[in-house]
Every structure is written in structure tokens, then in C-alpha cells.
Amino acid sequence: MAATNRTQPTAVGNDALPSLFGGTLAAATAIKMGWLLAKNAAGNIVAFTEATGLKSFGVAERDADNSTGAAGDRSINAWGRVYKFAQSAGVGDSFADPDAPAVAYGVDNETIGKVSTSRSPCGIFLGVDPDDGKAMVYVGPVAAALVAMLTLSKIQRGTATLAAGTVTVSGVTLTANSRILVTMKDPGAGAITGFADLDVPVATRNTGAGTFVVNAIDATKATINTAVCTFDWLVID
């Protein structure tokens, strides 16, 4: 539940990056010290709510009241660092310690969640405090930049097994700029005499169908038809 009065979230660790940031308040907005803040699409500061299009701005340094003003009439400072926040009580919406690191999403001005639907990222989840179960989250403009980097670089992953030296991997999203990495996981029981590499021929990458082919090849680049090895794959955009 969103706070209506001042809150005092617990800061965690030491400041390693510049941590106090200033911004202008949105119109008809009142903020209390300790609230989780966001920058809206217009670049003004609001209390975090369950909405899309927001960017993490940190935790309010003090009260600021622009409830009767226009956007930009009042300013506010916010701390960008690691704080502890209450977690959403929704099913599947709270983090466990092994989930770290991960993108956390704002639920309200003092609560974060794991589910992204109809929400904006509020920071980077770094772990759960074992004493109180609260989530430790790095918030603020630097955290917002890190989130942007994480979400812009899309990574897909999986495992597949060759049949007669080849396999078609399907169900992926491919672009002309996708990078595909494959690594042997288990050589399997089939003979791989003369094995040189796992090959992903460019000509077999189908961006429309979302498929690519992996072959086990020898030094002459011929497919080793007896290979049944298992491999891990990554697609990076």
C-alpha cells in the first residue's frame, strides 16, 4: 500500500557513485521524504506508481509540495543508492535471494515487485535482507541507466541436442544483427572423430521463422553425421 506520510527506507552499503540528484516536480504533485520517486515522460518528478513510462529517480531527500503549482514550479532532490523496500504480496510477485541480480518494478512509493506487467522498472534488485524479508534495490538515475542497458541488450538462451550431426533450433527471435553463440555441453555417445567445431551457418538463419541450424563439423567443414552432442546456445541482440 502506498505511503501517505514520510517514510524512512533503510540505506544499504556505501555510496560508490554520485548519489544526490535534483529535478523538478510535476504539476499538482506533493512528495514526502523517503518516498520512492520516478521521472515521468515529460522529465518531471512524481511518486512511483504502478504505471508504464516512468524512470527511477531515487528516494526523496525531503518533503516538497507542488500540489497547486505547474510542472517545474518546485524542485526536489533524491538519493540514488541501495535501499530496502517492502515487496509486493501478489502471487509470484516477490523476489527470493537467488533471483539477484534482476530488474525490480515499482508498485507504489514504498513497494517493489518482480512482475513487469503494467509497471516501470524502479531499479536493480540485489538481494533479500534475511532479517526482515525486504528487497535491497539500487534506485536512482544511475540505476535507470543500468536498467536501460539490460533491457536494450536482449539475451535468449537454451539447450539443444544434435541428431545425426545437425539440429534446427526454433522458437527464437532473430534479427540481421543477432549474434549466436554455441558451446559444447555433453559430447554424447556418438562418435565425433575429427571434431573441429560447432557451426552455425549464416545461410540457415531464418529471421522470419525464428530458426537457426547448428552442425558438428570436422576440419574440412563437413558435417559429422554420427555426432549427437548436446550444446548450450545464446542469441544476443
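Just so you know, these numbers come straight off a predicted model, no measurement behind them.
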Going from OG1 on Thr49 to CG on Asn109, what distance comes out if it is rounded to the nearest 0.5 angstrom?
-> 9.0 Å
What distance separates Leu20 CG from Asn77 CG, expressed to the nearest 0.5 Å?
-> 4.5 Å
Here the gap from Trp35 atom CH2 to Glu110 atom CD, rounded to the nearest 0.5 Å, amounts to 9.5 Å
Full working for side chain to side chain contact (heavy atoms under 4.5 Å, CB included) between Leu36 and Val139 = CA-CA 8 Å; Leu36 178 61; Val139 298; 4.0 Å; yes
First locate atom CG of Leu181, then atom CZ of Arg157, and finally report the distance between them rounded to the nearest 0.5 Å.
-> 11.5 Å
Is Val137 reachable from Val107 through a run of hydrophobic residues whose side-chain heavy atoms are each under 4.5 Å from the next?
-> no
Shared ILVMFWY cluster between Ile217 and Phe212, side chains joined below 4.5 angstrom?
-> no
With distance as the sole test, does Ser120 use its side chain to make a donor-acceptor pair with the main-chain N or O of Lys55 at under 3.5 Å?
-> no
Same cluster (ILVMFWY, side-chain, under 4.5 Å), Val213 and Val167 = no
Please confirm whether the backbone N or O of Ala26 pairs with a side-chain atom of Asn66, one donor and one acceptor, at under 3.5 Å?
-> yes
Side chains of Leu234 and Gln156 in contact at under 4.5 Å (non-hydrogen atoms) = no
Got a second to check how far Ser56's OG is from Lys39's NZ, nearest 0.5 Å?
-> 10.5 Å
Any side-chain donor near an acceptor of the partner, Asp218 and Thr220, under 3.5 Å = yes
Heavy atoms of other groups near Lys84 NZ, more than 12 under 6.0 Å | yes
Just one of Ile180, Val200, Thr204 clears the side chain to side chain contact (heavy atoms under 4.5 Å, CB included) bar with Val214, so which one?
-> Val200
Run the side chain to side chain contact (heavy atoms under 4.5 Å, CB included) check on Val142 and Phe21 step by step: do they pass?
-> CA-CA 10 Å; Val142 176; Phe21 301 88; 4.0 Å; yes
Would you call Leu174 and Asn206 a side-chain contact if the rule is heavy atoms closer than 4.5 Å?
-> no
Less than 4.5 Å apart, any side-chain heavy atom of Val147 and any of Ile124?
-> yes
Ala143 and Gly123: which non-hydrogen atoms are nearest, and at how many Å?
-> CB-CA, 4.2 Å
Just by distance, do the side chain of Asp63 and the backbone of Met33 share a donor-acceptor pair under 3.5 Å?
-> yes
Can you see which heavy atom on Trp233 is nearest to which on Thr159, and at what distance?
-> NE1-N, 3.5 Å
Linked, directly or transitively: Val228 and Phe195 (ILVMFWY side chains, under 4.5 Å) | no
Side-chain contact, heavy-atom cut-off 4.5 Å: Asn40 with Leu54?
-> yes
Might you confirm whether atom CZ of Arg62 has over 12 heavy atoms from other residues, nucleotides or ligands at distances under 6.0 Å?
-> yes
Please name the pair of heavy atoms, one in Phe95 and one in Ala102, separated by the smallest distance, quoted to 0.1 Å.
-> CE2-CB, 3.9 Å
Closest heavy-atom pair, Thr161 versus Phe231, reported as atoms and distance to 0.1 Å, is N-CE2, 4.4 Å
Could you pull out the closest heavy-atom pair between Leu25 and Asn44, with the gap in Å?
-> C-CB, 3.9 Å
Derivation of the side chain to side chain contact (heavy atoms under 4.5 Å, CB included) call for Met136 and Val128 = CA-CA 6 Å; Met136 295 180 286; Val128 174; 5.9 Å; no
Are the side chains of Phe125 and Pro101 in touch, meaning some heavy atoms are under 4.5 Å apart?
-> no
Member of Leu198, Ile224, Thr226, Asn215 meeting the side chain to side chain contact (heavy atoms under 4.5 Å, CB included) criterion with Leu162 | Leu198
Under a single-linkage definition using a 4.5 Å side-chain heavy-atom cutoff for Ile, Leu, Val, Met, Phe, Trp and Tyr, are Val103 and Val82 assigned to the same hydrophobic cluster?
-> yes
Between Ser88 and Asp93, the two heavy atoms sitting closest are OG-OD2, 2.6 Å
Sequence-distant partners of Ala89, side-chain contact (heavy atoms from CB on, under 4.5 Å), two or more places apart = none
How many angstroms lie between atom NZ of Lys32 and atom CG of Leu37, to the nearest 0.5 angstrom?
-> 13.5 Å
Given side chain to side chain contact (heavy atoms under 4.5 Å, CB included), test Lys221 with Asp199 step by step and report yes or no.
-> CA-CA 8 Å; Lys221 301 181 183 179; Asp199 180 40; over 6 Å; no
